[in-house]
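Worth saying up front: this structure is predicted, and the values here are computed from it rather than measured.
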Amino acid sequence: MQSGQGVIELLPALPAEWGTGSISGLKARGGYELNFAWTDGRVTSATVTSAGGGEVSVKVNGETKKLKVKKGRVCTIL
């Protein structure tokens, strides 16, 4: 995961050896926490939670999604 310039990008550079997997509790800039899973290098499910609430852009599988996340609530990306 990479976060900066107002965008959180999931799996920008995943090694080929990590074909399938998942991660939870990953912290991003702005007080966001992400959980996501992938298969064959593509994200298959993802959620984001915000400590303070706000708007965030998440780039996943080449597409940028703009989300409004309420404080302490889980928002489904995929």
Side-chain angles (χ1 to χ4, degrees):
M1 181 202 69
Q2 180 178 8
S3 63
Q5 306 297 325
V7 178
I8 299 170
E9 185 173 0
L10 305 184
L11 302 182
L14 184 70
E17 295 83 18
W18 296 3
T20 300
S22 64
I23 192 162
S24 60
L26 201 58
K27 304 288 186 183
R29 288 187 176 127
Y32 296 99
E33 182 176 312
L34 292 108
N35 304 308
F36 57 95
W38 65 90
T39 301
D40 297 326
R42 292 188 55 82
V43 177
T44 55
S45 64
T47 62
V48 62
T49 306
S50 173
E55 293 185 5
V56 63
S57 294
V58 180
K59 186 173 182 179
V60 57
N61 298 332
E63 182 182 341
T64 302
K65 299 178 181 243
K66 293 185 179 189
L67 307 168
K68 282 189 176 184
V69 185
K70 292 184 180 179
K71 180 180 178 179
R73 304 289 299 265
V74 176
C75 182
T76 300
I77 303 166
L78 283 179

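One hydrophobic cluster, built from ILVMFWY side chains closer than 4.5 Å, holds both Val60 and Tyr32. Under the 4.5 Å side-chain heavy-atom criterion for Ile, Leu, Val, Met, Phe, Trp and Tyr, Ile77 and Leu26 are members of the same hydrophobic cluster. Residues Met1 and Val69 fall within the same hydrophobic cluster, defined by Ile, Leu, Val, Met, Phe, Trp and Tyr side chains chained together at heavy-atom separations under 4.5 Å.
Closest approach of Arg29 to Gly4, counting heavy atoms only: NH1-CA, 3.5 Å.
From Ser57, atom OG reaches atom CG of Leu67 across 7.5 Å, with rounding to the nearest 0.5 Å. To the nearest 0.5 Å, atom CG of residue Leu11 and atom CG of residue Asn61 are 7.5 Å apart.
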Side chains of residues 46-54: which donor-acceptor pairs under 3.5 Å do they make with residues two or more places apart or in other chains?
{"from": "Thr47", "atom 1": "OG1", "to": "Asn35", "atom 2": "ND2", "distance (Å)": "3.4"}
{"from": "Ser50", "atom 1": "OG", "to": "Gly52", "atom 2": "N", "distance (Å)": "3.3"}
{"from": "Ser50", "atom 1": "OG", "to": "Gly53", "atom 2": "N", "distance (Å)": "2.6"}

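For the pairing with Ser3, the side-chain contact (heavy atoms from CB on, under 4.5 Å) check across Val56, Leu34, Leu10, Ile8 returns one residue only, Ile8.
Applying the side chain to side chain donor-acceptor pair (under 3.5 Å) definition to pairs two or more places apart or across chains, those involving residues 6-28 are Lys27-Glu33. Legend: side chain to side chain donor-acceptor pair (under 3.5 Å) pairs involving residues 64-78, not counting sequence neighbours: none detected.
In this structure, Leu78 and Phe36 have side chains that are not in contact, with every pair of non-hydrogen atoms separated by 4.5 Å or more.
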